[in-house]
Protein chains: 2
Amino acid sequence: MRDQNPAKGLQRAELARRTGANLETVRYYEKVGLLPPPPRTASGYRSYDRAHERRLSFVLRARELGFSLEEVRALLRLVDERDQPCAEASRLAAAHLADVRAKITDLRRMEGVLKTVVAQCGDGTRPDCPLIETLFREAAVE
Amino acid sequence: MRDQNPAKGLQRAELARRTGANLETVRYYEKVGLLPPPPRTASGYRSYDRAHERRLSFVLRARELGFSLEEVRALLRLVDERDQPCAEASRLAAAHLADVRAKITDLRRMEGVLKTVVAQCGDGTRPDCPLIETLFREAAVE
DNA sequence: CTTGACCCTGTAGTCGCTACAGACCGTAGC
DNA sequence: GCTACGGTCTGTAGCGACTACAGGGTCAAG
């Protein structure tokens, strides 16, 4: 290991490992402005600190909750500006919750149809395949 | 209307309208080989028939069930080759059903967390925002 | 002083579309 | 015939959120 004196100067790979992010993802987040560009060593290597790690973890957790990068950006602005973030944050979360629920509804519809056709297909020895017939015959959906 | 003699020579826009597809999507499907290139008029305009319409509807319905274009391609091969498609089709559908269920599981996890934080945020007058604290403090997920 | 592991940058690819730009065609009105 | 307006044609670039190189620089150990 190169330089891992405590509390200063994480390299990108170390930051990625500690946060569970992919190396390239960290680079990407920096490129699109979600992470501030860290200071560099004399030879140009990035040197991250705890604040970067905290911020990256924030982004990753927001992503795990399905927030888009645009939404994450908005959340980070709320964090940085530190006014009364809760009302706006709550609004964002509620809107996103509605998105998530809409997606669940969509997927459940798909699940229902698929479950039915898989059951109808059985062991697959039928000459007329229920899946294929379904796709040809009717609107698969209402 | 240009030429809409019955059962022959749909133009692309008509095909799109009849199937509910977006015009550009039809073009895209042709480009990536999901739809066969139709015959052309003397001046180079596409002329679709009922078989194209049927095939496009098949693709669109499969997409509504969440199949990827690769999967749709595989389904179309089964249709075209007409051996014993049901076993393989059923396998594809079952695999896709598992994908769909995995996505539902993921989304439900997100929904649960979001529901909780939105409830905690209440009317948004709290000084410490539960959403932001959640994203900073703990792994938002198990 | 070489080897090998890491870091740097930039670019291209993924999926499933969507949206142009710029050229052609075809019909209706005058 | 002439023009205007819509439709069609092609190719290319953009989206979101990464992911995967290529081709170079740097650093420490042997």
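To find a chain, count down the sequence lines: A is the first, B the second, and so on, and within it residues start at 1. Source: prediction; values computed, not measured.
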Measure the distance from CZ on F67(B) to C1' on dC15(C) and round it to the nearest whole Å.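 Roughly 17 Å, once rounded to whole Å.
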Using only side-chain N and O atoms of [X], determine if any of them is under 4.0 Å from OP1 or OP2 of [N].
X      : N       : answer
R12(B) : dC9(D)  : yes
R40(B) : dC24(C) : no
R46(B) : dC9(D)  : yes
Q11(A) : dC6(C)  : no

Do E70(A) and R73(A) sit within salt-bridge range, that is, some charged N less than 4.0 Å from a carboxylate O?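 So E70(A) pairs with R73(A) through a salt bridge.
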Does a salt bridge link E30(A) with R46(A), judged by any charged N lying under 4.0 Å from a carboxylate O?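 Result for this pair is yes, salt bridge flagged.
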Between S43(A) and N22(A), who's closer to the 5' end of DNA chain D by nearest nucleotide?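 First, find each residue's nearest nucleotide; the 5'-ward one identifies N22(A).
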What residues from residues 27-35 of chain B pass a heavy-atom cutoff of under 4.0 Å to DNA chain C?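 R27(B), Y28(B), Y29(B) - these, ordered by number, are the residues of the stretch whose heavy atoms sit under 4.0 Å from the strand.
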Ignoring hydrogens and geometry beyond distance, is the side chain of E24(A) in donor-acceptor contact with the base of dC21(D) at under 3.5 Å?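 For E24(A), whose side chain was compared with the base of dC21(D), there is a donor-acceptor pair (under 3.5 Å).
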Check for me whether R12(A) meets the cation-pi criterion with Y48(A), that is, NZ or CZ under 6.0 Å from the six-membered ring centre and within 45 degrees of the ring axis.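 R12(A) over Y48(A) ring: no.
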E71(A) (side chain) donor-acceptor with S68(A) (main chain) under 3.5 angstrom: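 Yes; at least one donor-acceptor contact below 3.5 Å.
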Taking only the side-chain heavy atoms of Y45(A) (C-beta and beyond), determine which of dC25(C), dG25(D), dG16(C) contains the nearest atom.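 The closest nucleotide is dG25(D).
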Could you say whether G44(A) or T25(B) is positioned toward the 5' end of DNA chain C, judged by the nucleotide with the nearest heavy atom to each?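 It is G44(A) whose nearest nucleotide is closer to the 5' end.
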